[in-house]
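Encoded as structure tokens, the structure appears first; notes follow it.
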Amino acid sequence: MSKLQPVRGTRDIFGDDMRRFSHVVRIFERLAQAYGFDEISTPIFEFTEVYKRTLGETSDVVTKEMYTFEDRSGDLLTLRPEYTAGIARAYMSGGMAQAGVSRLFGWGPMFRHERPQKGRFRQFHQLDAEIIGAAEPAADVDLLALAWQLLSDLGISDRIVLHLNSLGDQESRLAYRAALTAYFADHVDALSEDSRMRLQKNPMRILDSKDPGDRALLPDAPQIADYLNERSRAFFETVCAGVKSLGIPYIHDQRLVRGLDYYSHTAFEFVTDALGSQGTVLGGGRYDGLIEMMGGPSTPGVGWAAGIERLAMLIDEPPAPMRAVALIPMGDAAEKQALVLARDLRAAGLRTLMDYKGNMKKRLNRAAKADARLALIIGDEEVARGAVVVRDLDHSTQKDCALWAVHDQVRMMLAAPPIADISPAASRDVIDAEQP
RNA sequence: GCGGGCGUAGCUCAAUUGGUUAGAGCGCCUGGUUGUGGUCCAGGAGGUUGCGGGUUCAAGUCCCGUCGUUCGCCCCA
């Protein structure tokens, strides 16, 4: 292999991968519109402070995963590792706060300097949906409904379960954190090395440790649910009730915590077992403290992000592109005519392929390989009498057609069932009936 | 950032205990067919065996490094 390779953890997306990718994005855009979200696009880099302040100094993203660099004017910039902080920043700098509740969606590349694995890249892409300015649990439910419908429309919801938890408000969280710290402090000797670090930085993360020793301590550990204050408990119950009425299957996963500092109340992940250890396909939660943390007015918010690559890996075959019409001009005069014909067919929205070289056999061959449905053959004879041969590549039938009637003829033949939809016997009949 | 597996043609894979000119299928190109495709037949192109070093008379094969990839840890989409 040559040195011309993409940077580690990045990749070119084309062919089947690109079709899957686009399909995911298209379904998302359509749904987000239906749910009343407005599209937003934010820069793929921000001042480093935007992420440092909001994600938490001790988070993995900030301590070891950011692509940070100094630009020519000496500003410290970071390629966005996630979408929410950038959108929150845009919300403030764009004066959206005056407009009341903002329902925003977007998608694009994210960058994290991690060890690549299946379903994990250094440049990856996320779908993102946020509701900023709504403090009500109904907003959380609304967002979960969008997420679930997305997974359903992609045809993958049967392989995915919603893990739902509440981290409570600030008060609840601090109380729980204190209790948790006290509990684990009594068992420091039994903790793994990683978890001893977590105990210092973010004790809640010990809860989702995979270390057997750590896990043995969990059954007796304090549970977040027992530390939720009345407000937080009511909030969570409303969210759960909404999820239930929507018929979204979920489990209350008390060990679900999120790595970023800005989360409160609702936290959730949609998880599949089909992607190895990268099972989370969509995740998010409520971040009531985020905007204040960034220096703005106290503003509630909820949101989620989904990995496009991970979703694309889970879906079945994406829809095939439109069957094409292939133009096969033979000779100079024919080529001129084909040029105009191609322009008109394309203007009419038909996928039209134009082949430039080779004998008829090769051109027909290429047309068939490109999955064209029809071939329009124009040679000197046809030019001379103002006609075109329209060949149905599925049925191996063809018709002579006057130039002025080509559009109608093409439409008619495209409307006929493709070969896949008719029985072999019927296909033979057609050929017998129409083959010259 | 840490640990394990794997890198041979565009793709999927062969190549005996280290042995001489690294093969096959698929795909691609050309011809058989001067204007009729998918089948068939014949031919062709395509490789610094990821890269670098080492051991050896001899390395695709063994050793070291490196890059990539993959699985797990960490964490997440």
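No experiment lies behind these values; they were computed from the predicted model shown.
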- Item | Nearest-angstrom distance from the residue atom CG of A/Asn365 to C1' of B/rU39 | 11 Å
- Message: Tell me if the side-chain of A/Glu382 makes a donor-acceptor pair with the base of B/rG35, cut-off 3.5 Å, by modelled atom types.
- Response: yes
- Task: For B/rC6, give its Watson-Crick or G-U wobble partner with both distances under 3.5 Å, or none.
- Result: B/rG68
- Message: The side chain of A/Arg198 is closest to which nucleotide in this list: B/rU36, B/rG37, B/rC75?
- Response: B/rC75
- Mate of B/rU16 where both pairing distances stay under 3.5 Å, Watson-Crick or G-U: none
- Message: Taking donor-acceptor contacts at under 3.5 Å, does the side chain of A/Arg120 reach the base of B/rC75?
- Response: yes
- A/Glu309 side chain to A/His125 main-chain N or O, any donor-acceptor pair under 3.5 Å? yes
- Query: Base, sugar-phosphate, or nothing for A/Ile377, non-hydrogen atoms under 4.0 angstrom?
  - Reply: base
- Ring centers of A/Phe28, A/Phe105 separated by less than 6.0 Å: yes
- Message: Strictly below 4.0 Å: does A/Arg115 bring a side-chain N or O up to OP1 or OP2 of B/rG1?
- Response: no
- Against the side chain of A/Lys118, the closest entry in B/rU70, B/rU36, B/rA77 is B/rU70
- Task: Starting from C1' on B/rC29, measure out to CZ on A/Arg366 and report it in whole angstrom.
- Result: 10 Å
- Message: Would you say A/Arg363 places a side-chain N or O within less than 4.0 Å of OP1 or OP2 belonging to B/rG37?
- Response: no
- Message: Categorize A/Gly284 for me: base, sugar-phosphate, or nothing, with a 4.0 angstrom heavy-atom threshold over every strand shown.
- Response: nothing
- Closest to side chain of A/His113, choosing from B/rA77, B/rG37, B/rG1: B/rG1
- When we call it a touch if two heavy atoms are under 4.0 Å apart, what does A/Ala305 touch: a base, just sugar-phosphate, or nothing? sugar-phosphate
- Could you please name the partner base of B/rU49, counting Watson-Crick and G-U wobble pairs only when both distances are under 3.5 Å? none
- Contact class for A/Leu393 vs. all strands (heavy atom < 4.0 Å): base, sugar-phosphate, or nothing? base
- Task: Return the value, rounded to whole Å, for the distance between atom CD of A/Glu114 and atom P of B/rU70.
- Result: 14 Å
- How many Å lie between CZ on A/Arg205 and P on B/rC74, as a whole number? 11 Å
- Query: Just by distance, do the side chain of A/Arg198 and the backbone of A/Ile206 share a donor-acceptor pair under 3.5 Å?
  - Reply: no
- Tell me the partner of B/rU55, counting only Watson-Crick (N1-N3 plus N6-O4 or O6-N4) or G-U wobble (N1-O2 and O6-N3) with both under 3.5 Å; none if nothing fits. none
- Item | Of A/Met330 and A/Glu269, the one whose closest RNA chain B nucleotide lies more 5' | A/Met330
- Message: Which nucleotide, if any, forms a Watson-Crick or G-U wobble pair with B/rA22, using both distances under 3.5 Å?
- Response: none
- Closest listed nucleotide, where the reference is the side chain of A/Arg112 and the choices are B/rA77, B/rC75, B/rG35: B/rA77
- Report which part of the nucleic acid A/Glu309 touches: base, sugar-phosphate, or nothing (heavy-atom distance under 4.0 Å, all strands). nothing
- Message: Strictly by Watson-Crick or wobble contacts shorter than 3.5 Å, is anything paired with B/rC28, and which nucleotide is it?
- Response: B/rG44
- Query: Which is true for A/Asp380 with a 4.0 Å heavy-atom rule: it touches a base, it touches only sugar-phosphate, or it touches nothing?
  - Reply: base
- Is a donor-acceptor contact shorter than 3.5 angstrom present between the side chain of A/Lys361 and the base of B/rG32? yes
- Between the side chains of A/Ser232 and A/Asp169, is a donor N or O closer than 3.5 angstrom to an acceptor N or O? yes
- Counting only side-chain N and O atoms of A/Lys362, is one of them less than 4.0 Å from OP1 or OP2 of B/rU30? yes
- Task: Using a heavy-atom cut-off of under 4.0 Å over every strand shown, decide if A/Gly379 touches base, sugar-phosphate, or nothing.
- Result: base
- Starting from C1' on B/rC76, measure out to CD1 on A/Ile308 and report it in whole angstrom. 16 Å
- Task: May I ask you to check whether A/Tyr91 and A/Glu130 show a side-chain donor-acceptor distance below 3.5 Å?
- Result: no
- Message: Using only atom types and a distance under 3.5 Å, with no angle test, would you say the side chain of A/Arg391 pairs donor to acceptor with the backbone of A/Ile377?
- Response: no
- Which part of the nucleic acid, if any, lies within contact of A/Asp392, taking any heavy atom under 4.0 Å across all strands shown: a base, the sugar-phosphate backbone alone, or nothing? base
- Of A/Val281 and A/Gln117, the one whose nearest nucleotide on RNA chain B sits closer to the 5' end is A/Gln117
- B/rA77 P sits how many Å from A/Glu130 CD, rounded? 11 Å
- Message: Students often mix this up, so state it plainly: with edges at 30° and 60°, are the rings of A/Tyr67 and A/Phe111 parallel, tilted or perpendicular?
- Response: perpendicular
